[in-house]
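In what follows, every heavy atom counts, from backbone to side chain, and hydrogens, waters and symmetry copies are set aside.
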Amino acid sequence: MGSALWQPKVDTLGQADVVVVGAGSAGCCAAIAAAQAGRSVILIERYGFAGGTSTQILDTFYGFFTPGDQPRKVVGGIPDQVVDALDKTGDIFLRPNTYGAGTGVTYNPQRLKHVWDTLLQGAGVKMLLHATLCGVEHDDAGRIAAVTVHTKKGFGLITAKRFIDASGDADLCHLAGIAYERAGEIDPAQTLTTTFCMSNVDLSRYERAGGKRMLMAKMAEAIELGCHALPRKKGSAHAMVHEGCIATVAVRVDYKDATDPEAMTQAEVEGRRQAFIYEDFLRDQVPGYENAKIIGLSHHIGVRETRRVYGEHRLTRDECLSARQFDDQVLLCGAPIEDHRPNADGEDETAWAYVAQGGAYGVPYGTLVPKGRDELWVVGRCFSATHDAHASCRSMGQTMSMGQAAGLASALSLERNEGAAELDTGELRDRLRAMGAVLEAPTRVASTAADAWRDHSARGALT
């Protein structure tokens with residue numbers, strides 16, 4: 001006699017106007033924007049703190065400025081609120097970048113966890129941490145009506161009128177059967193990186209010995225002589241907010257499918273192995289690092305791309321590099337294409353391509369709306385773009401701006417009783433401008449990033 005299939009008990013956890021899946025920088029800004037517009041919001045996050053890549057892996061926001069000697073500030077609104085909160089406590093500084101991406105906004109990621117909490121709670125967002133998305137329910141018209149999450153209490157159902165997928169891996173869209181491109185299907189997928197931090201670094205000694213130029217030469221020499229099995233010839237190490245500490249983007253793990261748990265297990269182990277190869281190399285070969293030690297590894301390995309949803313518009317390489325502008329653009333990006341490719345014959349394969357004349361391109365609203373959907377937006381690294389365009393527009397300045405736009409759009413769609421794909425983008429753009437978003441490429445250039453910040457933000461305190 002056969003036994004019945006086990007059916008888990010599903011309790012109702014809540015109901016909201018808007019549910020946001022994923023509390024990375026995009027999801028947090030989406031939740032804050034929707035809540036500030038007067039909507040009830042539930043933010044679902046699988047870890048115990050918000051921030052995603054901004055608090056788990058990196059310590060620098062890129063994308064706020066166009067690269068080059070005369071930067072333009074192209075991000076504003078809620079992202080400025082985040083930076084201003086960090087600035088008040090001295091947990092942030094502008095870092096001139098010598099690796100190609102432009103000025104970075106370097107911060108204390110531990111303080112940022114608290115900043116995200118404060119901004120989310122201040123806006124009235126209900127956070128549900130330690131909750132993993134595991135199911136989707138549709139109504140009779142095929143629209144998403146609810147999501148199922150798993151917590152330590154078991155399974156729970158959350159219903160909503162609008163949904164925002166900020167999961168990074170397009171998990172909500174995947175479970176809902178929405179079409180997407182998998183990384184590696186068309187173009188080679190970008191590599192993965194475990195970041196690490198080191199303490200007790202004598203940065204003055206390091207700079208006197210030649211700084212970055214010396215480090216790059218030492219890395220190439222180590223590979224040539226075979227004295228340290230470094231995975232790449234180039235990599236970055238920069239000063240943190242914390243005195244005598246550095247953070248890195250140096251580890252390079254060839255692409256593993258980050259939606260495959262067995263592949264990710266291999267990637268996590270390999271990333272940690274490489275990190276300590278770098279520690280040995282730095283202590284042995286680089287002046288100023290003789291007494292340094294790794295004090296922290298990224299919460300998990302950094303993933304640059306997995307699933308990219310097919311939206312109402314698909315951002316392309318040509319649109320980025322030609323500084324294309326759109327009637328419905330809801331954010332700007334001046335970041336170069338930064339494509340971290342697998343190594344070939346020991347050569348470093350990071351490919352760079354820059355926006356024309358140091359400018360910025362517009363990102364259309366349609367890149368945030370899965371094709372044909374009324375109730376759903378997608379933000380962050382799973383938004384609608386080709387591989388090359390994604391390699392430019394994945395900076396956190398842009399993902400925060402995506403979240404800001406989608407969160408406000410979700411609120412506006414409820415106000416107007418309009419679906420996501422048919423929303424009046426003119427009104428959306430007007431309201432984004434009122435929030436402080438930068439939607440038109442600035443014509444004035446600044447001599448420094450600090451000047452650009454003062455030109456386009458309320459506080460203007462960063463130096």
Side-chain angles (χ1 to χ4, degrees), residues 26 62-68 70-77 79 100-103 180-181 186-187 190 304-305 308-339 351-371 377-406 408-409 420-433 436-446 452 456:
Y62 284 113
F64 273 81
F65 303 97
T66 59
Q70 295 182 310
R72 297 170 172 86
K73 184 171 180 287
V74 294
V75 170
T103 299
Y180 54 80
E181 176 191 342
I186 300 174
D187 299 291
Q190 295 201 65
R304 293 182 171 90
E305 57 177 334
R308 297 193 304 280
V309 171
Y310 287 106
E312 291 290 331
H313 184 98
R314 194 155 176 80
L315 191 66
T316 69
R317 175 188 178 94
D318 288 344
E319 289 169 344
C320 297
L321 297 185
S322 65
R324 175 85 179 271
Q325 305 298 303
F326 299 87
D327 291 339
D328 67 338
Q329 63 195 42
V330 290
L331 63 135
L332 295 175
C333 181
I337 293 173
E338 182 184 349
D339 188 357
W352 298 83
Y354 288 83
V355 179
Q357 298 177 340
Y361 59 87
V363 180
Y365 170 73
T367 62
L368 311 182
V369 181
K371 199 162 185 63
W377 292 260
V378 58
V379 296
R381 61 180 165 86
C382 49
F383 84 116
S384 179
T386 64
H387 169 82
D388 285 338
H390 174 272
S392 165
C393 204
R394 60 183 172 83
S395 297
M396 285 192 287
Q398 280 62 54
T399 62
M400 286 192 281
S401 298
M402 292 178 199
Q404 174 174 261
L408 184 56
E422 64 184 15
L423 190 70
D424 179 357
T425 57
E427 183 174 359
L428 173 62
R429 283 161 48 81
D430 286 344
R431 291 177 63 166
L432 283 169
R433 289 190 194 92
V438 184
L439 303 187
E440 285 78 33
T443 56
R444 183 187 183 278
V445 297
H456 295 286

Would you name the heavy atoms of [X] and [Y] that are closest together and state the gap between them?
X	Y	answer
Trp377	Pro370	CA-CD, 4.0 Å
Ala360	Val355	N-CG1, 4.0 Å
Asp328	Gly366	OD2-N, 3.8 Å
Gln190	Ala391	NE2-CB, 3.6 Å
Leu423	Ala409	CD2-CB, 3.6 Å
Pro79	Met400	CG-CB, 3.7 Å

Using 0.5 Å steps for rounding, measure from the [atom1] atom of [X] to the [atom2] atom of [Y].
X	Y	atom1	atom2	result
Asp339	Asp187	CG	CG	8.0 Å
Tyr365	Leu331	OH	CG	13.0 Å
Leu332	Tyr361	CG	OH	10.0 Å
Ile186	Arg308	CD1	CZ	7.5 Å
Ile337	Cys393	CD1	SG	10.5 Å
Tyr62	Cys333	OH	SG	14.0 Å

Original post:
Would you call Phe383 and His390 a side-chain contact if the rule is heavy atoms closer than 4.5 Å?
Top reply: yes
Original post:
Can you find a heavy atom in the side chain of Gln329 that is under 4.5 Å from one in the side chain of Arg324?
Top reply: no
When you measure from the side chain of [X] to the backbone of [Y], do you find a donor-acceptor pair of N or O atoms at a distance under 3.5 Å?
X	Y	answer
Thr386	Thr316	no
Glu181	Val309	no
Thr66	Arg72	yes
Glu305	Arg381	no
Gln325	Ala323	yes

Original post:
Between Glu338 and Arg304, is there a salt bridge with N-O shorter than 4.0 Å?
Top reply: no
**OP:** Report the C-alpha distance between Met396 and Phe64 in whole Å, list the side-chain angles of each, state the deciding distance to 0.1 Å, and finish with yes or no for side chain to side chain contact (heavy atoms under 4.5 Å, CB included).
**Re:** CA-CA 8 Å; Met396 285 192 287; Phe64 273 81; over 6 Å; no
Subject >> Set of side chain to side chain contact (heavy atoms under 4.5 Å, CB included) partners for Asp424, sequence neighbours left out >> reply: Glu418, Glu427
Subject >> Stepwise side chain to side chain donor-acceptor pair (under 3.5 Å) test for Glu319 and His313 >> reply: CA-CA 11 Å; Glu319 289 169 344; His313 184 98; 3.2 Å; yes
Subject >> Residue pair Ser392, Gln398: steps toward the side chain to side chain contact (heavy atoms under 4.5 Å, CB included) verdict >> reply: CA-CA 9 Å; Ser392 165; Gln398 280 62 54; over 6 Å; no
**OP:** For side chain to side chain contact (heavy atoms under 4.5 Å, CB included), just list the numbers for Thr425 and Val330, CA-CA rounded to whole Å, side-chain angles, deciding distance to a tenth of an Å, and then say yes or no.
**Re:** CA-CA 8 Å; Thr425 57; Val330 290; 5.8 Å; no
